[in-house]
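See below for the structure under consideration.
Chain naming here is simple, since letters A, B, ... match the order of the sequence lines and numbering starts at 1 in each. Every value quoted in this text rests on a predicted model; they were computed, and no experiment measured them.
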Number of protein chains: 2
Amino acid sequence: MSQGNTRVTTQLMHAQACPMREVLDRVAGKWSVLIIVAAAQGPIRFTELERSIEGISRRMLTLTLRNLERDGLLIRTVFPTVPPRVEYELTAVARELHASLLGLTDWAERHRVTVAESRAAYDEAHGHGPDAV
Amino acid sequence: MSQGNTRVTTQLMHAQACPMREVLDRVAGKWSVLIIVAAAQGPIRFTELERSIEGISRRMLTLTLRNLERDGLLIRTVFPTVPPRVEYELTAVARELHASLLGLTDWAERHRVTVAESRAAYDEAHGHGPDAV
DNA sequence: CTGCATCCTTCTTGATACTG
DNA sequence: CAGTATCAAGAAGGATGCAG
């Protein structure tokens, strides 16, 4: 039977899938990764983040920032000036994460067109509008 | 670093953030990435996926599979046997993605403990719960 | 400037049951 | 086995207003 290696590959799967869940659970929302990318060039202020990340609401920025800080990915520094000034900076761990993320942006740039065409072809083959039926 | 380079870093940010959005939009849900990992070792059947991915519902498996196929990340092969047999296989593009993903699982394994401790420390510093004690 | 609290809407997901 | 359809629940996210 060809099922002999099923058990082996299943274990391989879990070995990769479980740490992957960790990453996903931690960086799940739409914003976490974007914030990490935005903060990768150096310390950045709250308002700068708000402007950099198109479409984020103040609420989500705050929440996501807190989560990242809590996970030890971001360092929050408050300057006791007036008006208040707060800077966010990636930790060493987060910078490593960012380095890995670079591989993904790389992939995206290489295949952006490919994927878009695939999507179009698929829609073509299955009828332009799913709602046209 | 004065404010003079703010414009430059902002552009760097967008250069990375936008392709990143592509990735995120495509692989957003909890399941897409897990499926890619599960299919990385070779063609895999519907039911095998269902068993491999702890907690996924049949519905979400189907939906996510369709999206991945639509994006040209998965190839769906139907064997006209009875009972039906369908296999899913990663495309070349998806295998490249999986390679990049490996960098993330790597990061997760290296820092799993670090992050967990950070989380605990944070909770400690901010009181276990707003109303807990 | 930075950030929290509240309310409300939308999207995602899960449970379940049925079909080829 | 592989998939579809429907319904309901919950989480994620957005808008707004107020505060240190």
Side-chain angles (χ1 to χ4, degrees), chain A residues 1-3 6 21 24-35 38-39 43-71 74-89 122 125-127 130-131 133, chain B residues 3 6 21 24-35 38-39 43-71 74-89 122 125-127 129-131:
Chain A
M1 301 265 200
S2 55
Q3 298 176 332
T6 299
R21 275 183 198 254
L24 261 29
D25 286 352
R26 196 156 323 290
V27 164
K30 317 191 247 195
W31 308 117
S32 298
V33 175
L34 262 19
I35 289 178
I44 187 171
R45 298 184 55 176
F46 186 89
T47 312
E48 291 176 330
L49 281 169
E50 195 173 13
R51 279 195 301 261
S52 301
I53 303 174
E54 181 71 25
I56 195 172
S57 65
R58 191 162 297 180
R59 171 188 154 81
M60 287 317 296
L61 181 53
T62 303
L63 286 179
T64 311
L65 248 18
R66 287 280 182 251
N67 276 326
L68 291 174
E69 185 192 356
R70 175 185 155 117
D71 287 340
L74 236 42
I75 296 170
R76 179 168 176 272
T77 309
V78 181
F79 298 87
T81 60
V82 41
R85 173 200 180 93
V86 181
E87 283 192 350
Y88 293 89
E89 187 178 9
Y122 186 97
H126 293 243
D131 55 330
V133 181
Chain B
Q3 298 174 331
T6 299
R21 275 183 197 253
L24 260 29
D25 286 351
R26 196 157 324 290
V27 164
K30 319 189 244 192
W31 307 117
S32 298
V33 175
L34 262 19
I35 289 179
I44 187 170
R45 298 182 56 176
F46 187 89
T47 313
E48 292 177 331
L49 281 169
E50 195 172 13
R51 280 195 300 263
S52 301
I53 302 174
E54 180 71 26
I56 195 171
S57 64
R58 190 162 298 182
R59 172 187 153 81
M60 287 317 296
L61 181 54
T62 303
L63 286 179
T64 312
L65 247 17
R66 289 274 186 257
N67 276 327
L68 291 175
E69 186 193 355
R70 176 184 154 117
D71 287 341
L74 235 44
I75 295 170
R76 179 170 177 271
T77 309
V78 180
F79 297 87
T81 62
V82 42
R85 172 200 180 90
V86 180
E87 285 191 351
Y88 294 89
E89 186 179 9
Y122 186 97
H126 293 241
D131 59 339

Pairs involving residues 52-65 of chain A, ordered by first then second residue, that meet salt bridge (Lys or Arg N to Asp or Glu O under 4.0 Å) (sequence neighbours left out): A:E50-A:R58

Side-chain donor or acceptor of A:S32 paired with backbone N/O of A:A28 under 3.5 Å: no

Qualifying residues under side-chain hydrogen bond (donor to acceptor under 3.5 Å, both in side chains), relative to B:E87, sequence neighbours excluded: B:R85

A:T64 (side chain) donor-acceptor with A:M60 (main chain) under 3.5 angstrom: yes

Residues that A:Y122 engages under ring pair (Phe, Tyr, Trp, His ring centres under 6.0 Å), provided they are two or more places apart: A:H126

Reported OG1-to-CG distance for the pair A:T62 and A:N67, which is rounded to 0.5 angstrom: 11.0 Å

Sugar-phosphate, base or nothing in reach of A:F79, heavy atoms under 4.0 Å: nothing

Rounded distance in Å - NE2 (B:H126) to P (C:dG3): 12 Å

Separation of atom CD in A:E48 from atom P in C:dG3, rounded to whole Å: 13 Å

DNA chain D-proximal residues of residues 56-69 of chain A, any heavy atom under 4.0 Å: A:S57, A:R59, A:M60

Any residue meeting side-chain hydrogen bond (donor to acceptor under 3.5 Å, both in side chains) with B:R51, in chain and number order, not counting sequence neighbours: none

From CD1 (B:I35) to CD1 (B:I53), nearest 0.5 Å: 4.5 Å

Any B:K30 side-chain nitrogen or oxygen under 4.0 Å from OP1 or OP2 of C:dC11: no

Nearest-Å distance for atom pair CZ/C1', residues B:R85 and C:dG20: 19 Å

For atom CZ of B:F46 and atom P of C:dG20, their distance in whole Å: 17 Å

Terminal contacting nucleotides, 5' and 3', DNA chain D versus chain A (heavy atom, 4.0 Å): D:dG13 to D:dG20

Whole-Å gap separating P (C:dC1) and CZ (A:R45): 8 Å

